[in-house]
Amino acid sequence: MLGRIGVMIDLVQLRREPDIVKAALARRGVAPATMDAIIAMDVEHRELLQEAERLRAEVKFLSRLVGEARRDKDTETAATLTEKSRALGDDERVATEAMEQVGTKLHEELLMIPNVPDPAVPDGVDESDNVEVRRWWPGMDEGRPFPEYAEYQKVPHWEAGLELGILDLEAGARIAGSMFPLFRGAGSRLIRALSAFSLDRNAGDYEEIHPPTFALTATMMSTGHLPKSVDDMYGMERDGLWAIPTAEVPLTSMHAGEILDEASLPIRLCAETACFRREAGAAGRDTRGVLRVHEFDKVELFAYCTPEQGSSAFDDILARAEGVLQALGLTYRLLNLCTGDLGTSSARTIDLEVFSPGVDRWLEVSSVSWFRDYQARRAQVRYRTSEGTTALVHTVNGSALGWARVWAALIETYRQEDGSVVLPEVLAPYMGELRTIRPKTS
RNA sequence: GGAGGGAUGACAGAGCGGCCGAAUGUACCGGUCUUGAAAACCGGCGUGGGCUUGCCCACCGUGGGUUCAAAUCCCACUCCCUCCGCCA
């Protein structure tokens with residue numbers, strides 16, 4: 001039964017306070033009728049379960065008597081009981097099958113239900129209803145106004161990158177098709193530098209992990225990426241594997257099925273991995289340059305924690321993501337995602353968007369999410385409380401950051417009048433002391 | 001890829017058709033003893049689920065099968081270990 005029933009929202013809570021759950025889920029578009037159907041299915045499943053278990057208990061009881069009769073050499077009684085038990089066994093098989101049929105259907109329905117949104121999540125239908133929390137730009141604290149960008153900064157990165165010989169989109173497309181960028185020379189090193197820079201900032205407090213980039217179907221189920229978002233995932237059918245869309249996938253399952261020590265919480269992890277996204281349905285929209293790509297590198301921060309620690313874990317990851325952007329001197333804003341834009345598994349998400357002057361728009365470079373126990377329930381990650389009971393952990397994660405778009409923002413923001421790019425000083429140690437990327441002079 | 005061995009509770013490790021949800025040891029938690037600790041002794045100690053809260057059901061890698069009855073027998077798969085081959 002473990003891992004089959006109740007792998008989503010809390011089924012116990014749904015039974016106890018159906019109206020509250022229904023109202024909360026209705027905010028994100030789950031029809032109350034859908035939940036009513038699930039509740040009815042749950043009731044039916046339990047009725048069938050009781051009947052099946054009653055028969056099962058009877059068979060077990062009779063079987064024990066058969067054993068005793070045999071031991072007493074009472075073959076006649078044994079034969080009678082065997083016959084009776086056999087007949088009951090047939091009934092039991094039928095009852096169990098009926099129970100499992102409803103159970104499977106219930107399970108499938110439950111897997112499609114998204115997380116219950118936090119009260120702090122604003123109502124809305126799509127990304128246009130997200131609420132801006134605040135913005136930050138270099139010098140803001142000294143009273144400097146929102147930056148004005150010079151004409152030479154308003155060159156999109158695909159032009160600037162081509163000119164500098166650090167981005168070769170044609171080569172990438174030749175190899176893997178469109179939306180697979182190829183960085184070269186200083187551009188390639190910049191990706192590596194950004195990952196190393198971010199990992200070094202955080203690896204002291206967040207244990208550095210280098211996980212697999214492919215995951216089993218069950219693993220993808222745990223985070224909620226499957227079955228709902230199957231069209232956005234790259235799958236390798238022959239091997240039953242999926243390319244991870246984020247390190248959140250392997251990190252969430254790192255402790256799957258375990259009961260953790262409360263004293264060990266929060267467990268904080270960080271990982272840099274390639275991330276793969278099919279971006280189905282996104283063809284042609286905002287896809288120029290590296291605005292939207294199928295593969296990019298990302299540093300992820302992650303925490304398993306108690307429900308009480310959730311809020312501070314969330315704040316810490318958000319602060320660290322902001323810290324990286326501030327250290328890079330990039331302008332960004334925070335968005336509180338509305339119910340319509342919230343990811344399936346998330347109870348609350350803050351997006352970080354960097355401003356990129358060359359394309360004149362805000363680019364999402366991080367998503368900091370609190371999943372409460374939604375993913376932990378699917379992955380069965382629990383902890384032993386001080387009272388000795390078990391409880392599901394909460395999971396929190398956020399990117400710090402996704403590099404392809406940060407790369408673009410850096411190239412555009414720091415582009416100089418002569419076309420060169422002067423990198424933030426903090427990256428110098430990671431760039432082999434290269435501070436300025438200049439056009440190739442032949 | 002080929003050959004062999006293995007998978008049981010936090011760990012070690014028995015059980016190999018029926019009073020086995022599972023011996024025993026260690027660890028852990030309570031208690032007795034002690035000035036205190038250790039030792040010794042006594043007791044407790046897996047996870048889910050259902051309901052009439054006292055009982056019932058499930059789980060001995062996973063999924064099937066045989067049987068009145070499966071940790072135990074059969075089949076398939078997965079993972080781990082050893083050896084051979086191949087290989088960054």
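In what follows, every chain begins at residue 1, and chains take the letters A, B, ... in the order their sequences are listed.
Judged by Watson-Crick or G-U wobble contacts below 3.5 Å, the nucleotide B/U52 has no partner. Applying the Watson-Crick and G-U wobble criteria (two distances, each under 3.5 Å), B/G36 pairs with nothing in any strand. Checking B/A27 for Watson-Crick or G-U wobble geometry (two distances, each under 3.5 Å) identifies no partner in any strand. The pairing partner recorded for B/C45 is none, the criterion being a Watson-Crick or G-U wobble arrangement whose two distances lie under 3.5 angstrom. Of the nucleotides present, B/U82 is the one that pairs with B/A3 by Watson-Crick or G-U wobble criteria, both distances under 3.5 Å. Using the Watson-Crick or G-U wobble rule with both distances under 3.5 Å, B/A70 pairs with nothing in any strand shown. Nucleotide B/U62 has B/A76 as its partner under the Watson-Crick or G-U criteria, with both atom distances under 3.5 Å. Shown here, B/A88 forms no base pair; nothing in the strands shown gives a Watson-Crick or G-U wobble contact with both key distances under 3.5 Å.
In the set B/C51, B/A69, B/G48, B/A69 carries the atom at the smallest distance from any side-chain atom of A/Val59. Out of B/G49, B/A70, B/G48, the shortest distance to the side chain of A/Arg56 is found at B/A70. Nearest nucleotide to the A/Ser63 side chain, out of B/U47, B/A69, B/G50: B/A69. Of all nucleotides listed (B/U47, B/C68, B/C19), B/C19 comes nearest to the side chain of A/Arg71. Closest to the A/Arg382 side chain, of the nucleotides B/G50, B/G48, B/C68, is B/G48. Side-chain proximity of A/Glu68 to the nucleotides B/C19, B/G18, B/G50 is greatest for B/C19.
Rounded to whole Å, atom P of B/G18 lies 20 Å from atom CG of A/Asp74. Rounded to a whole Å, the CG atom of A/Leu55 is 13 Å from the P atom of B/A69. Computed from coordinates, the A/Arg64 CZ to B/C20 P distance equals 10 Å when rounded to whole Å. We find that CD of A/Glu51 is positioned 14 Å from P of B/C57, with the value rounded to whole Å. At whole-Å resolution of the value, CD in A/Glu100 and P in B/C57 are 17 Å apart. Here the C1' atom of nucleotide B/G50 and the CZ atom of A/Arg16 are 16 Å apart, to the nearest Å. A/Asp261 places its CG atom 16 Å from the C1' atom of B/G46, with the value rounded to the nearest Å. For the pair A/Glu92 CD and B/U67 P, the computed distance is 14 Å after rounding to whole Å.
When the C1' atom is used for both B/C20 and B/C75, the distance is 25 Å, rounded to whole Å. Atom P of B/C79 sits at a distance of 15 Å from the matching atom of B/U62, rounded to the whole Å. One C1' atom belongs to B/C11, the other to B/C60, and the distance between them is 16 Å to the nearest Å. Between the P atoms of B/A58 and B/U72, the separation comes to 14 Å (whole Å). Straight-line distance between the P atoms of B/A71 and B/A23: roughly 15 Å, to the nearest whole Å. If you take atom P in B/G65 and the same atom in B/G13, they sit 33 Å apart, rounded to whole Å. Distance noted for atom P between B/A39 and B/G25: 16 Å (whole Å). B/A12 and B/G36 have their P atoms separated by 37 Å, given to the nearest Å.
The 5' end of RNA chain B is approached more closely, in terms of each residue's nearest nucleotide, by A/Arg384 than by the other of A/Glu83 and A/Arg384. Both A/Leu65 and A/Glu58 lie close to RNA chain B; mapped to their nearest nucleotides by heavy-atom distance, the more 5′-ward contact belongs to A/Leu65.
Between A/Arg435 and A/Glu433, at least one side-chain nitrogen of the basic residue sits less than 4.0 Å from a carboxylate oxygen of the acidic one, meeting the salt-bridge criterion.
For the atom pair A/Leu330 CG and A/Glu353 CD, the distance stands at 13.5 Å (nearest 0.5 Å).
A/Phe197 and A/Tyr430 have perpendicular rings, their planes meeting at more than 60° on a 0 to 90° scale where under 30° would count as parallel. Below 30°, between 30° and 60°, or above 60°: for A/Trp370 and A/Phe314 the angle between ring planes is between 30° and 60°, a tilted geometry. Between A/His294 and A/Tyr234, the two ring planes are perpendicular [angle over 60°; tilted spans 30° to 60°].
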> Is there a side chain to side chain contact (heavy atoms under 4.5 Å, CB included) between A/Glu159 and A/Arg415 once you walk through the steps?
Replying inline: CA-CA 11 Å; A/Glu159 286 176 20; A/Arg415 190 165 187 271; over 6 Å; no

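Looking at A/Pro114 and A/Thr344, their side chains come closer than 4.5 Å, going by heavy atoms from C-beta outward.
For A/Arg86, no side-chain nitrogen or oxygen approaches OP1 or OP2 of B/U67 to under 4.0 Å. A close approach under 4.0 Å does occur between a side-chain nitrogen or oxygen of A/Arg46 and OP1 or OP2 of B/C51.
Residue A/Lys60 is classed as a sugar-phosphate contact, given heavy-atom separations below 4.0 Å to backbone atoms only. As judged by a 4.0 angstrom heavy-atom cut-off over every strand, A/Ser85 is placed among residues touching the sugar-phosphate backbone only.
Contact annotation: side chain of A/Arg70 to base of B/G18, donor-acceptor pair present below 3.5 Å. The base of B/G49 lies close enough to the side chain of A/Glu53 for a donor and an acceptor atom to sit less than 3.5 Å apart.
In this structure, A/Arg189 places its CZ atom where more than 12 heavy-atom neighbours from other residues, nucleotides or ligands lie under 6.0 Å away.
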